[in-house]
Asker: 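If you scroll down you'll find the structure; I have some questions about it.
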Amino acid sequence: MRTTTRNALLLLLTVVSFSACKKDQGPIMVMPDATDSTGTTVSFQNDVAPIFQFGGQPQCTVCHPNSADLNLLPDSAYNNLVNVPTTNYSGQYMRVIPGDTTNSVLWDKINDYGNYGMGMPPPSGGLSAESIEVIGRWIMEGAQNN
């Protein structure tokens, strides 16, 4: 009788634990470490900034050239992204949080998760998986200005 009660309690705790889980918002890329298999670190200037200019169809700088709100041209992109609050959404959301893809608006937008409007670049995302991975690694490496 004691084993049956214990098993029932364990089953109940398991069910309650699973029912309390947060709603799945789709896949989140997990970055295992800060370097790829070659041991290289992602460079903002050499790897990430070019994606904004040439990475998608249309490219990011078509809509975000010299705008006051979000300029993604190479000389301004870093300072307009990292640790900068968004201006388009209620609440305090950051465009890029170093080391945190899950809470970075940029990550949400390029993966088209839909938490902050449509995916980027429009119409609904448009970066290659390789470009998305590079940006994700850069964020997880601390979003350095290198």
Side-chain angles (χ1 to χ4, degrees), residues 7-146:
N7 289 343
L9 182 58
L10 286 173
L11 178 62
L12 177 63
L13 288 173
T14 303
V15 169
V16 169
S17 296
F18 282 119
S19 65
C21 289
K22 202 173 173 184
K23 181 183 174 211
D24 182 22
Q25 295 183 3
I28 295 175
M29 183 184 294
V30 177
M31 305 300 168
D33 57 43
T35 58
D36 65 10
S37 60
T38 64
T40 59
T41 300
V42 175
S43 162
F44 181 78
Q45 294 300 321
N46 296 330
D47 302 318
V48 176
I51 292 171
F52 299 142
Q53 287 193 282
F54 310 110
Q57 295 298 326
Q59 62 220 25
C60 306
T61 54
V62 168
C63 296
H64 300 284
N66 292 314
S67 65
D69 181 44
L70 182 55
N71 180 339
L72 291 179
L73 292 173
D75 292 340
S76 302
Y78 185 85
N79 292 328
N80 282 300
L81 289 172
V82 179
N83 291 317
V84 175
T86 62
T87 57
N88 297 330
Y89 312 103
S90 59
Q92 188 69 17
Y93 302 105
M94 303 300 272
R95 290 177 176 159
V96 172
I97 301 171
D100 186 357
T101 53
T102 303
N103 293 303
S104 294
V105 172
L106 175 65
W107 183 249
D108 185 278
K109 304 257 317 154
I110 64 174
N111 281 285
D112 196 14
Y113 291 148
N115 295 316
Y116 305 100
M118 70 179 181
M120 291 289 158
S124 191
L127 294 180
S128 69
E130 180 182 340
S131 293
I132 292 171
E133 180 182 354
V134 167
I135 293 170
R137 282 191 45 237
W138 169 71
I139 293 170
M140 293 305 291
E141 291 173 4
Q144 299 174 46
N145 189 9
N146 55 356

Asker: For a quick test of reading the model, state the closest non-hydrogen atom pair linking Lys109 to Met118 and the distance between them.
Answerer: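 Heavy-atom minimum between the residues: NZ-O, 3.0 Å.
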
Asker: Do Asp100 and Ile139 come close enough that some side-chain heavy atom pair is under 4.5 Å?
Answerer: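 They are not in side-chain contact.
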
Asker: Look at the rings of Phe44 and Trp138 and say which category their plane angle falls in: under 30° parallel, 30 to 60° tilted, over 60° perpendicular.
Answerer: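 Phe44 and Trp138: tilted rings.
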
Asker: Hey, does the side chain of Ser104 reach the backbone of Ile97 with a donor-acceptor pair shorter than 3.5 angstrom?
Answerer: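 Side chain of Ser104 to backbone of Ile97, a donor-acceptor pair under 3.5 Å: yes, one is there.
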
Asker: How many angstroms lie between CG in Asp112 and CG in Leu127, if you round to the nearest 0.5 Å?
Answerer: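 Rounded to the nearest 0.5 Å, the CG-CG separation comes to 11.0 Å.
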
Asker: Find out whether Asn145 and Val82 are in side-chain contact, i.e. whether some heavy atom of one side chain is under 4.5 Å from a heavy atom of the other.
Answerer: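 Of all side-chain heavy-atom pairs linking Val82 with Asn145, none is under 4.5 Å.
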
Asker: Find the distance between CG (Asp108) and CZ (Arg95) and round it off to the nearest 0.5 Å.
Answerer: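 The distance works out to 14.0 Å.
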
Asker: The criterion is ring-ring contact (aromatic ring centres under 6.0 Å, His included); which residues satisfy it with Phe52, sequence neighbours excluded?
Answerer: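 Residues passing ring-ring contact (aromatic ring centres under 6.0 Å, His included) with Phe52: none at all.
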
Asker: Using side-chain heavy atoms (C-beta onward) and a distance below 4.5 Å, is Met140 in contact with Thr101?
Answerer: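 With C-beta onward as the side chain, the pair touches.
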
Asker: Check for a donor-acceptor pair, side chain of Asn71 on one end and backbone N or O of Leu73 on the other, with a separation under 3.5 Å.
Answerer: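 Answer holds: yes.
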
Asker: With a 4.5 Å limit on heavy-atom distance, are the side chains of Asn88 and Val105 in contact?
Answerer: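 SC-SC contact between Asn88 and Val105 ruled out.
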
Asker: Strictly distance-based, threshold 3.5 Å: is any side-chain N or O of Tyr78 a donor or acceptor partner for the main-chain N or O of Ala143?
Answerer: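 Yes; judged by distance alone, with no hydrogens or angles, the pair exists.
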
Asker: Report the distance from atom CD1 of Ile135 to atom CG of Leu106, rounding to the nearest 0.5 Å.
Answerer: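 Atom-to-atom, Ile135:CD1 and Leu106:CG are 5.5 Å apart.
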
Asker: Please round to the nearest 0.5 Å and tell me the distance separating atom CG of Asn146 and atom CG of Asp47.
Answerer: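 Spacing of CG (Asn146) from CG (Asp47) equals 8.0 Å.
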
Asker: If every non-hydrogen atom of Pro85 is compared with every non-hydrogen atom of Gln92, which pair is closest and at what distance?
Answerer: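 Smallest interatomic distance, heavy atoms only, reads CB-NE2, 3.4 Å.
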
Asker: Specify the closest pair of heavy atoms between Gly142 and Pro98, including all atoms of both residues, with the distance to one decimal.
Answerer: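 Smallest interatomic distance, heavy atoms only, reads O-CB, 3.2 Å.
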
Asker: Find out whether Thr86 and Leu70 are in side-chain contact, i.e. whether some heavy atom of one side chain is under 4.5 Å from a heavy atom of the other.
Answerer: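 Not touching, per the 4.5 Å side-chain cut-off.
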
Asker: Do Met120 and Cys60 have side chains that approach each other closer than 4.5 Å (heavy atoms only, starting at C-beta)?
Answerer: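 Side chain of Met120 against side chain of Cys60, heavy atoms only: no contact under 4.5 Å found.
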
Asker: Of all the heavy-atom pairs spanning Thr41 and Gln144, show the shortest one and how long it is.
Answerer: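 Looking at all heavy atoms of both residues, the shortest contact is CG2-NE2, 4.3 Å.
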
Asker: Could you tell me if the side chain of Ile132 sits less than 4.5 Å from the side chain of Trp107, heavy atoms only?
Answerer: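 Heavy-atom side-chain distance check passes, below 4.5 Å.
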
Asker: Looking only at atom types and distance, does a side-chain atom of Glu141 sit under 3.5 Å from a main-chain N or O of Val42, one as donor and one as acceptor?
Answerer: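 Flag set: sc Glu141 to bb Val42 pair under 3.5 Å.
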
Asker: Flag the pair His64 / Asn80 as yes when at least one side-chain heavy-atom distance between them is below 4.5 Å, and no otherwise.
Answerer: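 No, their side chains stay 4.5 Å or more apart.
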
